[in-house]
Amino acid sequence: MRVLITAERIQERVGELAQLIGPEYRDRPLTIVGVLTGSVMFLADLVRRLDIPLRIGLIQASSYRGAATTPGALRVGADLLAEVRDRHVLLLDDILDTGQTLKQLVQHLHDQGALSVKVCVLLRKQDRQVHDVRVDFVGFEIPDEFVVGYGLDYNDEYRQLPHVAVLPRES
Ligand code: XMP
């Protein structure tokens with residue numbers, strides 16, 4: 001598979017993001033909420049670069065399947081989410097594609113009483129966003145290709161790769 005972003009470049013950029021994020025939340029109660037499962041590598045690397053007090057939460061978002069539900073509707077699994085009321089939340093995801101997932105999760109976190117919700121994604125696919133969601137921190141802009149590695153999967157595989165690679169299209 002063709003490497004799109006090397007492991008070294010990812011680590012360098014995660015460090016830069018930490019430099020931007022840290023000062024924003026100094027002296028504010030911060031919970032970083034990672035979207036399962038794709039954000040786990042990014043979450044683990046980013047929090048270790050931040051030298052501010054913080055809590056970690058996890059949230060799940062899965063698409064409804066079956067004819068009875070609205071196509072594209074999302075189910076938010078918040079069982080693992082710690083209390084975010086009266087806390088500032090930084091929502092962390094692997095990739096922004098159409099924006100549907102993050103738009104709904106941002107709303108959910110506001111509904112739970114978060115003081116503020118900002119969004120950080122490792123990757124943003126160019127020209128794909130159709131849902132209106134504000135993204136505050138972006139690691140890399142990437143072309144519209146299906147990518148795997150560093151948390152991102154195809155059929156739940158390849159998440160463990162330390163780099164981001166392009167999955168070849170089936171011919
Ligand atoms: P939306 O459209 O809600 O999609 O912004 C975000 C979610 O879609 C998945 N996704 C990908 N997963 N490689 C992946 O492994 C990709 O290129 C890709 N594009 C979208 C991912 O789960 C993300 O959270």
Side-chain angles (χ1 to χ4, degrees), residues 1-11 13-14 17 21 31-47 56-82 84 89-112 114 117-171:
M1 276 189 286
R2 179 166 61 88
V3 175
L4 187 66
I5 310 170
T6 64
E8 292 72 25
R9 185 67 191 108
I10 293 173
Q11 292 307 320
R13 184 68 184 135
V14 170
L17 289 171
I21 292 166
T31 300
I32 298 192
V33 175
V35 183
L36 288 170
T37 303
S39 76
V40 293
M41 311 289 172
F42 185 30
L43 176 69
D45 285 342
L46 182 70
V47 294
I56 295 173
L58 294 167
I59 197 164
Q60 199 161 24
S62 38
S63 306
Y64 279 110
R65 293 181 212 286
T69 53
T70 321
L74 273 197
R75 182 161 38 104
V76 175
D79 306 353
L80 297 167
L81 185 65
V84 295
V89 171
L90 180 66
L91 183 59
L92 210 67
D93 205 357
D94 50 0
I95 189 163
L96 180 83
D97 189 1
T98 66
Q100 174 182 254
T101 310
L102 287 172
K103 184 181 167 90
Q104 296 199 31
L105 292 179
V106 167
Q107 186 57 53
H108 179 84
L109 290 161
H110 278 302
D111 293 347
Q112 297 302 305
V117 182
K118 288 198 173 188
V119 172
C120 174
V121 292
L122 180 74
L123 309 174
R124 177 161 64 188
K125 276 192 188 174
Q126 276 157 12
D127 303 325
R128 288 279 302 165
Q129 195 177 339
V130 292
H131 296 273
D132 177 28
V133 55
R134 185 195 147 104
V135 181
D136 302 279
F137 305 97
V138 177
F140 303 93
E141 304 281 353
I142 63 164
D144 182 13
E145 310 236 41
F146 196 86
V147 290
V148 295
Y150 197 68
L152 291 134
D153 75 303
Y154 174 69
N155 273 351
D156 258 329
E157 291 183 23
Y158 308 115
R159 291 193 199 276
Q160 78 280 13
L161 298 176
H163 54 262
V164 171
V166 176
L167 193 76
R169 287 174 204 269
E170 283 174 36
S171 50

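Count residues from 1 along the sequence. The structure presented is a predicted model; accordingly, all values stated were derived computationally and were not measured. Both ligands and their constituent atoms are indexed starting at 1 by order of listing.
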Participant: Distance to 0.1 Å, residue and atom name: give those for the protein heavy atom nearest to atom 15 (O) of ligand 1.
Facilitator: Asp153 O, 2.8 Å
Participant: Check ligand 1 against Thr101 and write out every atom of the ligand that is under 4.0 Å from a heavy-atom position of the residue.
Facilitator: 1 (P), 3 (O), 4 (O), 6 (C)
Participant: Do Ile32 and Leu43 have side-chain heavy atoms sitting under 4.5 Å apart?
Facilitator: yes
Participant: Between Lys125 and ligand 1, which part of the residue brings a heavy atom under 4.0 Å of the ligand: side chain, backbone, both or neither?
Facilitator: side chain
Participant: With a 6.0 Å cut-off (strictly less than), is the heavy-atom count around CG of Asp132, excluding the residue itself, greater than 12?
Facilitator: no
Participant: Quick one: does Asp97 get an N or O within less than 3.5 Å of an N or O on ligand 1?
Facilitator: yes
Participant: Quick check: closest heavy atoms across Val121 and Phe42, and the distance to 0.1 Å?
Facilitator: C-CE2, 3.9 Å
Participant: Give the atoms of ligand 1, by number and element, whose distance to some non-hydrogen atom of Leu152 is under 4.0 Å.
Facilitator: 12 (N), 13 (N), 14 (C), 15 (O)
Participant: With atoms numbered from 1 as shown, which atoms in ligand 1 lie under 4.0 angstrom from a non-hydrogen atom of Thr98?
Facilitator: 1 (P), 2 (O), 3 (O), 5 (O)
Participant: Is any side-chain heavy atom of Val164 closer than 4.5 Å to a side-chain heavy atom of Ile142?
Facilitator: no
Participant: If you take all heavy atoms of Gly57 and Thr31, which pair is closest and at what distance?
Facilitator: N-CG2, 4.1 Å
Participant: How far apart are the closest heavy atoms of Ala165 and Met1, and which atoms are they?
Facilitator: CB-CB, 3.9 Å
Participant: So which bit of Asp93 gets within less than 4.0 Å of ligand 1, heavy atoms only: side chain, backbone, both or neither?
Facilitator: side chain
Participant: For Val33 and Leu58, work out which heavy atoms get closest and say how close.
Facilitator: CG1-C, 4.4 Å
Participant: Against heavy atoms of Gln100, which atoms of ligand 1 measure under 4.0 Å?
Facilitator: 1 (P), 3 (O), 5 (O)
Participant: Quick test: of every protein heavy atom, which one is nearest to atom 13 (N) of ligand 1, and how far off is it to 0.1 Å?
Facilitator: Val147 O, 2.7 Å
Participant: Minimum heavy-atom separation for Ile21 to Cys120, with atom names?
Facilitator: CD1-SG, 4.1 Å
Participant: Below 30° counts as parallel, above 60° as perpendicular, anything between as tilted: where do the rings of Tyr154 and Phe146 land?
Facilitator: perpendicular
Participant: Taking 4.0 Å as the limit for heavy-atom contacts, which would you say applies to Asp94 with ligand 1: side chain only, backbone only, both, or neither?
Facilitator: side chain
Participant: Atom 5 (O) of ligand 1: which protein heavy atom is closest, and how many Å away?
Facilitator: Gly99 N, 2.7 Å
Participant: Measuring to protein heavy atoms, does anything land under 4.0 Å from atom 8 (O) of ligand 1?
Facilitator: no
Participant: What atoms of ligand 1 come closer than 4.0 angstrom to any heavy atom of Glu145?
Facilitator: 17 (O)
Participant: Heavy-atom distance under 4.5 Å between the side chains of Leu4 and Phe140, does that happen here?
Facilitator: no
Participant: Using distance alone, decide if ligand 1 has a nitrogen or oxygen within less than 3.5 Å of any nitrogen or oxygen in Phe146.
Facilitator: no
Participant: Could you find the nearest protein heavy atom to atom 11 (C) of ligand 1 and give me its residue, atom name and distance?
Facilitator: Ile95 CG2, 3.8 Å
